[in-house]
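Let me begin by presenting the structure, written as structure tokens, before commenting on it.
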Amino acid sequence: MFEKIKNFLLTPTLSKVLLIFILFFGIFLRFHMLQNFVINGDSARDILIAQTALDRREIPQSGIFSSAGPFVIGPVYLWVLMLSLIIFPVGVASAWILYFFISIVAFLVITYVGFLLGGKRLALILASLSATSGSFVNLSLNQSNTTLVIISTLLLILFFILFIRKKKLLYTFLCGFSIGLAVSMHYQAINLFIFLPFVFFIQGIRIKKKIVSAGLIIAGFLIPLMPLLYWDAHQNFA
């Protein structure tokens, strides 16, 4: 009986219908929660910086100060807030609207990762969990740089799996770029560099290609950090 139910649920047509239903249910939950967004001190400060940068037609070269010490993160987080004000010019709510769409993209990425790892069954399971998880739904309300670390990490996992499956060097560059984005948002993401040595353990790839892959990861990692490195070079590497 269980096998018949499983086969019924995994028929191509029904699985697509279920996935679409889960997607729209997840969107509904996030849209419903959007009305509960709260502006705290940090988010208000960050939006004001982004709005001021737009008013002055300037592109920030460094980001906000870290709570861990007298140093700053990269400017990509502020660029995202500036982008939200450009795309959705509705004032302070702009960032939360953009984060709403980012949370949907994260849901799609998790679902696709599930499909790559376990087919339709795992895709539906992860889609259900990510669509209804309270913590994950609240990402659309958490307008902060750490939320973008989560999204960058999900992209890193996706690109790493695609590299293992398709062996294309582009995916290693995108892995490095995802790590660079995450580190630019928050330095806790430096732990993601653990993915670099695992490139050398992937089977079916010659050692020369593995070395090139590692180099592409490092190159992709540095690109999002270039604005911060340039700024820091003019601050005596403070």
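No experiment lies behind these values; they were computed from the predicted model shown.
- By the 30° and 60° cut-offs, the orientation of the rings of Tyr112 relative to Phe115 is parallel.
- Here the side chain of Asn145 pairs no donor or acceptor atom with the backbone of Tyr77 at under 3.5 angstrom.
- Between Ile73 and Met185, the shortest heavy-atom distance links the atoms CD1-O, 3.1 Å.
- The cluster map of Ile, Leu, Val, Met, Phe, Trp and Tyr, joined by side-chain heavy atoms under 4.5 Å apart, puts Ile218 and Ile207 in different clusters.
- By the 4.5 Å heavy-atom criterion applied to side chains, Leu181 and Leu148 are not counted as neighbours.
- Inter-residue side-chain proximity for Val76 and Leu225 is flagged as unmet; no heavy-atom pair is nearer than 4.5 Å.
- Thr153 has its side chain out of reach of Ile179: every pair of non-hydrogen atoms, C-beta onward, lies at least 4.5 Å apart.
- Separating the NZ atom in Lys208 from the CD1 atom in Ile211 is a distance of 9.5 Å, to the nearest 0.5 Å.
- Note on Ile86: it clusters hydrophobically with Ile97, by side-chain heavy-atom contacts below 4.5 Å among ILVMFWY residues.
- Listed here is the closest heavy atom pair of Ile217 and Thr172: CG1-O, 3.3 Å.
- Under the 30°/60° scheme for interplanar angles, the aromatic rings of Phe25 and Phe21 are found to lie parallel.
- Ring geometry for Phe221 versus Phe193: interplanar angle over 60°, hence perpendicular rather than tilted (30 to 60°).
- Within the model, atoms CG of Leu222 and CG of Leu229 stand 7.0 Å from one another, a figure rounded to the nearest 0.5 Å.
- The two residues Ser103 and Phe100 come nearest to each other via the heavy atoms OG-O, 2.6 Å.
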Criterion side chain to side chain contact (heavy atoms under 4.5 Å, CB included) on Ile110 and Leu154, from CA distance to verdict: CA-CA 7 Å; Ile110 289 179; Leu154 290 174; 3.8 Å; yes
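- When side chains are defined from C-beta on, Val105 does not count as touching Ile151, because their heavy atoms never get closer than 4.5 Å.
- Heavy atoms only, all atoms of each residue included: Val149 and Ala189 are closest at CG1-CB, 4.0 Å.
- Counting only heavy atoms from C-beta outward, the side chains of Leu83 and Phe88 never approach each other to under 4.5 Å.
- A 6.0 Å sphere centred on CD1 of Ile87 holds more than 12 heavy atoms belonging to other residues, nucleotides or ligands.
- Note that the CD atom of Gln188 and the OG1 atom of Thr146 stand 7.0 Å from one another [nearest 0.5 Å].
- Under a 3.5 Å cut-off, the side chain of Lys209 and the backbone N or O of Lys168 do not form any donor-acceptor pair.
- The line from OG1 of Thr111 to CG of Leu23 is 8.0 Å long, rounded to the nearest 0.5 Å.
- The hydrophobic cluster around Phe24 extends to Ile20, counting ILVMFWY residues whose side-chain heavy atoms fall within less than 4.5 Å of a member.
- At least one side-chain heavy atom of Ile202 sits less than 4.5 Å from a side-chain heavy atom of Lys167.
- Taking 4.5 Å as the limit, every side-chain heavy atom of Leu192 sits out of range of all side-chain heavy atoms of Val183.
- Each of Ile223 and Tyr230 belongs to its own hydrophobic cluster when Ile, Leu, Val, Met, Phe, Trp and Tyr are linked at side-chain heavy-atom distances under 4.5 angstrom.
- Checking side-chain atoms of Trp231 against main-chain N and O of Met226 turns up no donor-acceptor pair under 3.5 Å.
- What you find for Phe107 and Ala127 is that their closest heavy atoms are CE1-O, 3.1 Å.
- Between Leu155 and Leu174, every side-chain heavy-atom pair lies at or beyond the 4.5 Å cut-off.
- Between the CD1 atom of Ile49 and the CE atom of Met82 there is a distance of 11.0 Å, given to the nearest 0.5 Å.
- A donor-acceptor contact shorter than 3.5 Å links the side chain of Arg30 to the backbone of Gly26.
- Checked against the 6.0 Å centroid criterion, the rings of Phe177 and Tyr171 do not qualify as a close aromatic pair.
- Listed for the Asn236 side chain is no donor-acceptor partner under 3.5 Å among the backbone atoms of Ala233.
- Under a 3.5 Å cut-off, the side chain of Ser133 and the backbone N or O of Ser130 do not form any donor-acceptor pair.
- Ring-plane geometry between Phe195 and Phe160 is classed as perpendicular, the angle between the planes exceeding 60 degrees on a 0 to 90 degree scale with a lower cut at 30.
- Judged purely by atom type and a 3.5 angstrom limit, Lys210 uses its side chain to pair as donor or acceptor with the backbone of Phe200.
- Across all their heavy atoms, Ser213 and Phe163 have their closest contact at OG-CZ, 3.4 Å.
- Linking ILVMFWY residues whenever their side-chain heavy atoms come closer than 4.5 Å, directly or via other members, leaves Tyr99 and Leu48 in distinct clusters.
- One finds the CG atom of Leu129 at 9.5 Å from the CD1 atom of Ile22 (value rounded to the nearest 0.5 Å).
- With His186 contributing its side chain and Ala182 its backbone, the two residues share no donor-acceptor pair below 3.5 Å.
- Results of the side chain to side chain contact (heavy atoms under 4.5 Å, CB included) test with Leu228 over Ser62, Pro60, Ser184 single out Ser62 as the only residue that passes.
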